[in-house]
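Only one structure is covered here, and it is reproduced in the block below.
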Amino acid sequence: MRLRQWLFQNFREVSRLLSFEEVDFPVLESEALFIRKAGEEITQQLYNFEDKGGRRVVLRPEITPSLARLVMKQGKSASFPLKWFTIGQCWRYERMTRGRRREHYQWNMDIIGISKVRAEAELIYAIVLLFERLGITAQDVGIRVSSRKVLQAALDKFSIPKALFTKVCVIVDKLGKIPVDEIEKELTSLGVSIEAVKGIVDVLSLTSLADLEGALGSDGEAVADLKKLFSLAENYGYSQWIQFDASVVRGLAYYTGIVFEAFDREGKLRAICGGGRYDRLLSMFGGDEVPACGFGFGDAVIIELLKEKGLLPDLLQKVDCIVFPLDAALEGPASTIASSLRRRGQSVDLVEDRRLKWVFKHCERVNASRLILVGSSEWERGMVRVKNLSTREENDVKLDELDQFL
Ligand SMILES: Nc1ccc(Br)nc1
């Protein structure tokens, strides 16, 4: 829990630095919110069930659709752009035989109402800032960046129906995860010709913007967006973190533009985080198209990475004061002192019914700064004994002079 709180505090601090506001959404949602026909893994592992009212419900597998639903529910009262973040638990239903977690926490940052690529540039900057705060460098981690518009241009080049776009995205997202011949088989089963499949795979293997420009020409949105993003990255000072990689499509059906994912350069781990632009998702919940982009950053892979890099912080419990009555008859005064200290903002562990030897061990265990002993002779003089546990200094102190020893 200390590790989680430390990580989440960093998520929150980065969100604050970028002036994002914290929001929250229900963990339990209508199943219909996540039913999509694109064959995504995330929709095939829904933790869904019927509730006592006969409703088809689900423990949310992701945050974005809930965000989209609630932004649109606000209608005209939403003053764009919205810059929202949340840290929320998400679920999936996997066979336990795979030994994988069924829940994790995900930090999401989303910008709603900005159509320009500077929104994605801000989000990628937030991710870089988080990594830097955790001690991770551009030598440890890279961020692959591309755009769904690259794939859209490739499909157009081979006159593949737009209706197949989303399914093709979900399939080609598996590039590098399953053998290419399996990907080719899945694409041809969609009715994509083998030469188109080869052409698509060729475009998706590009890793330089110059080559992309050569393949698609320089007047398309895909090249323009990516050039703008890489130029802004220079301004932010995070160019060394990002690289163009056309194979990045991300496996969520609703992305429409720039997509990105962070990876460990040693290639030992799954993607650390990922996100992109989803300009058509919000209008699915009524109203006009509202441009949006965001990312999800899970709490599992990042911890594995920090372990790999020896960057896990040493988080110990910390208590300011241990208050201990030396005599059971002094439990009342001990409570009075504990209450007075707590009102001064001191964290106090009120310990009773223990031998003094145990108390000293306990002070070490909870990293207490001070031990306050309530003894009858001192108390008769309206005093307590304050033992500073780092200097070993001991003082008998009047209650109204305690502040000087805190
Ligand atoms: N979508 C999702 C939910 C829960 C876990 Br664990 N991983 C991915």
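The basis for the numbers below is simple: all heavy atoms, side chains too, and nothing from hydrogens, waters or symmetry mates. The chain is numbered in sequence order, starting from 1. Order of listing sets the numbers, starting from 1, for every ligand and every atom in it.
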Honestly, for Glu103 the part within reach of ligand 1 (heavy atoms, under 4.0 Å) is backbone
Non-hydrogen atoms of Arg101 versus ligand 1: any pair closer than 4.0 Å?
yes
Quiz prompt | Within-cut-off N or O pair, Ile42 and ligand 1, under 3.5 Å | solution = no
Nearest heavy-atom contact between Ile87 and Trp107 is CG1-CD1, 4.0 Å
When distances are taken from atom 7 (N) of ligand 1, the protein heavy atom at minimum range is Arg92 NH1, 3.4 Å
Glu266/Lys309 ion pair, N-O < 4.0 Å
yes
In this structure, CZ of Arg370 is separated from CG of Asn388 (nearest 0.5 Å) by 7.0 Å
Ranking Trp91, Tyr93, Tyr105 by closest non-hydrogen atom to atom 3 (C) of ligand 1, top hit is Trp91
Handout entry: Asp140 side chain to Thr137 side chain, donor-acceptor N/O pair below 3.5 angstrom
Key = yes
If we number the atoms of ligand 1 from 1 as shown, the ones under 4.0 Å from a heavy atom of Pro61 are 1 (N), 2 (C), 3 (C)
| message | Whether Arg102 engages the ring of Tyr93 as a cation-pi pair (distance to the six-membered ring centre under 6.0 angstrom, angle to the ring normal within 45°) should be assessed. | response | yes
